[in-house]
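What's counted below: heavy atoms across the whole structure, side chains too, no hydrogens, waters or symmetry copies. On a predicted model such as this, the values are computed, not experimentally measured, just so you know.
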There are 2 protein chains.
Amino acid sequence: MTNSHKMKKISRKERERLARKEAIIDAAEEVITLKGFKNSTMDEIAEKAELGKGTLYLYFNSKTSIYLAICDRGSKLLNQKMAQVITMDIKGIEMVKEMGHVYLDFIKSNPIYFNAFNFFENSLSEDRLVESAIVDDLQEHGVEAMTYVVRALQIGMQDGTIRTNYDPKELGIIFWGASRGVIQVAYMKENRKSLKILSDINFSLESLVNSFIDIIGSGIKNDQ
Amino acid sequence: MTNSHKMKKISRKERERLARKEAIIDAAEEVITLKGFKNSTMDEIAEKAELGKGTLYLYFNSKTSIYLAICDRGSKLLNQKMAQVITMDIKGIEMVKEMGHVYLDFIKSNPIYFNAFNFFENSLSEDRLVESAIVDDLQEHGVEAMTYVVRALQIGMQDGTIRTNYDPKELGIIFWGASRGVIQVAYMKENRKSLKILSDINFSLESLVNSFIDIIGSGIKNDQ
DNA sequence: TTCAATAAATGACCAACAGTCATAAAATGA
DNA sequence: TCATTTTATGACTGTTGGTCATTTATTGAA
């Protein structure tokens, strides 16, 4: 009785703690969306969250930590959408293509996660990212996203819509990396007037991605 | 006479100034290679260059500015190598593939530029990057690299090794973006033990990139 | 209701570091 | 030789991420 009562209390506290953490992430997303990560200060995030700066550090170890939490949120969201594709009643090759579109839509409707993902990858190779807990979590999400792609490829190999001469895992890495690269370049083109690299080219993000998916699709699809 | 003498002096000064600038970039490359951009301080770079910190600011506006100069160096180097491919006596489709390999080799032998390029792109979408002079220069190099790819594609379309149903510029963007994406993912896999996303997969960077080039190659090559 | 104990919140404070500037040293050329 | 201009310097400043002693709120037993 006392025990369950106590348990309940702890559980409520836990919930409150989680809620506050989410609220801080909300605030950080707003501030960072507006000013970019580097130009956002902890004081600004604290003010937006209606908390003292010191309080933020009761919930997060560092500024980077908060940005990684945003990353985490984004990758969970993306994975949910990827998971849905697997449940669709379509051929494997169509699933793979659909995943490309899902990723594109995701980036277009959540640009902050685009930057956050890039930041994470950049940090992985530059900084000493000691936050092993959240980093492991993020990597786990990466593995999960990859798993969906690989599964779609396997489905396609079984239903005969995708060639079987490559290892599906290898193909998965390739498709994933290539999609990200194309969408990154195309996204930059669309969003930065100053990105002159493509200024005289007027393909829309969608048409670029569609063509890409066509090309890689015809590179992997079973022709016979 | 006096004039030409004066001209000569100015020219020598210019040369010395340029040389010192290069020396600072050298020093910065060393320090940043060792500690990463964020963890490197201007004092460290100054010490490595055997100069006072204030002196660095006679040659560069900011720490970021130095990193962009490193970027600049890297993209010039890469463009040189890309330009060589165009002069080779091979079919268009082979040129395109060769460019993928060139990019891969470049990243493998100059990892610092890999990070620098990523930093630049990230900054373009996050910061307010006011250094318009060097930014324009960098974008120009991007356009140049792209031009090589597009030219190779056009050559391939003319010699019949590449399908003509896509706009070569569109294809160029796609090939370029996809290559970067695949190499980025594969490079991360190879260099970060902690990158668990692919830990149970044992394809080498080369074999991944080779497969990718195969796939996209068969997606764009003229089959008949 | 009261109150001691525990937990949560706070903002003044600190250290690190990018960037500045008054001063000094070196180069120039008359 | 020396006045003038150019180049170099490091002490100094402002900003900001992160800390911690202190304050405030919550809890639960008496």
Side-chain angles (χ1 to χ4, degrees), chain A residues 1-24 27-28 31-32 35-69 119 123 127-131, chain B residues 1-24 27-28 31-32 35-69 119 123 127-131:
Chain A
M1 195 62 164
T2 328
N3 207 348
S4 101
H5 187 214
K6 206 172 181 180
M7 297 273 287
K8 199 165 185 179
K9 280 231 168 93
I10 285 168
S11 159
R12 198 206 71 211
K13 280 220 170 164
E14 279 294 304
R15 275 202 316 277
E16 280 177 357
R17 186 178 166 79
L18 264 290
R20 176 133 300 173
K21 235 182 143 164
E22 290 302 309
I24 292 171
V31 175
I32 292 173
K35 314 188 60 174
F37 177 68
K38 222 189 73 180
N39 301 322
S40 301
T41 70
M42 289 301 269
D43 280 300
E44 287 171 315
I45 294 171
E47 194 186 6
K48 176 67 79 179
E50 294 173 283
L51 291 170
K53 178 165 72 163
T55 311
L56 299 189
Y57 287 89
L58 295 178
Y59 295 89
F60 295 94
N61 297 322
S62 66
K63 191 185 171 192
T64 295
S65 205
I66 294 180
Y67 206 30
L68 293 183
F119 172 87
S123 301
D127 300 345
R128 290 292 162 267
L129 257 271
V130 193
E131 314 272 342
Chain B
M1 195 64 165
T2 330
N3 208 346
S4 100
H5 185 216
K6 205 171 181 179
M7 297 274 288
K8 199 166 186 180
K9 278 230 168 92
I10 285 169
S11 160
R12 197 206 72 211
K13 281 220 170 167
E14 278 294 304
R15 276 201 316 278
E16 280 177 357
R17 187 179 166 77
L18 264 290
R20 176 135 298 175
K21 237 182 142 165
E22 290 302 309
I24 291 171
V31 175
I32 292 172
K35 315 189 58 173
F37 177 68
K38 223 190 74 179
N39 301 322
S40 301
T41 69
M42 290 300 268
D43 280 298
E44 288 171 316
I45 294 171
E47 195 186 7
K48 176 66 79 179
E50 295 173 284
L51 290 170
K53 178 165 71 163
T55 310
L56 298 189
Y57 287 89
L58 296 178
Y59 294 89
F60 295 95
N61 297 323
S62 65
K63 191 186 170 190
T64 295
S65 205
I66 295 181
Y67 205 30
L68 293 183
F119 173 87
S123 302
D127 300 346
R128 292 291 161 268
L129 257 273
V130 193
E131 315 271 341

Measure the spacing between CZ of B/Phe119 and OH of B/Tyr67 and express it to the nearest 0.5 Å. 7.0 Å
Tell me the closest heavy-atom pair linking A/Met42 and A/Leu56, and the distance in Å. O-CD1, 3.6 Å
Picking from D/dT9, D/dT16, C/dG19, the nucleotide nearest the side-chain atoms of A/Thr41 would be D/dT16
Closest to side chain of A/Tyr57, choosing from D/dT9, C/dT28, D/dT19: D/dT19
Measure from the side chain of B/Lys13, starting at C-beta and using heavy atoms only, and say which of D/dA8, C/dC17, C/dT28 lies closest. C/dT28
Can you confirm whether B/Ile66 sits close enough to B/Tyr59 that some side-chain heavy atom of one is under 4.5 Å from a side-chain heavy atom of the other? no
For A/Asp43 and C/dA12, give me the distance from atom CG to atom C1', rounded to whole Å. 12 Å
Atom-pair distance (CG on A/Leu51; P on D/dA25), nearest Å: 14 Å
Between A/Glu50 and B/Asn61, which is nearer to the 5' end of DNA chain C once each is assigned its nearest nucleotide? A/Glu50
Measure NZ/A/Lys38 against P/D/dT15 and give the value in whole Å, please. 16 Å
Judged by nearest nucleotide, the residue sitting upstream toward the 5' end of DNA chain C, B/Lys63 or B/Glu16, is B/Lys63
Value in whole Å for how far the P atom of D/dT26 lies from CD of A/Glu14: 18 Å
Could you give the distance from CZ (A/Arg20) to CG (A/Leu51), rounded to the nearest 0.5 Å? 5.0 Å
Within the structure, does a side-chain N or O atom of B/Arg20 lie under 4.0 Å from either OP1 or OP2 of D/dA8? yes
Sugar-phosphate only, base, or nothing, as touched by B/Ser65 at under 4.0 Å among non-hydrogen atoms: nothing
Can you tell me the distance, in whole Å, between the CD atom of A/Glu47 and the C1' atom of C/dT10? 15 Å
Please identify which of these residues, A/Asn39, A/Ile45, A/Thr41, meets the side chain to side chain contact (heavy atoms under 4.5 Å, CB included) condition with A/Val31. A/Ile45
Does B/Arg17 or B/Lys53 map to a spot on DNA chain D nearer the 5' end, using the closest nucleotide for each? B/Arg17
Reckon A/Thr55 touches a base, only the sugar-phosphate, or nothing at all at heavy-atom distances under 4.0 Å? base
Nearest-angstrom distance from the residue atom OH of B/Tyr59 to P of C/dG19: 18 Å
I need the CG-C1' distance between A/Leu56 and C/dA9, as an integer number of Å. 11 Å
Heavy atoms only, 4.0 Å cut-off, all strands: where does A/Phe60 land among base, sugar-phosphate and nothing? nothing
Provide, to the nearest angstrom, the distance between the CE atom belonging to A/Met42 and the P atom belonging to D/dT19. 10 Å
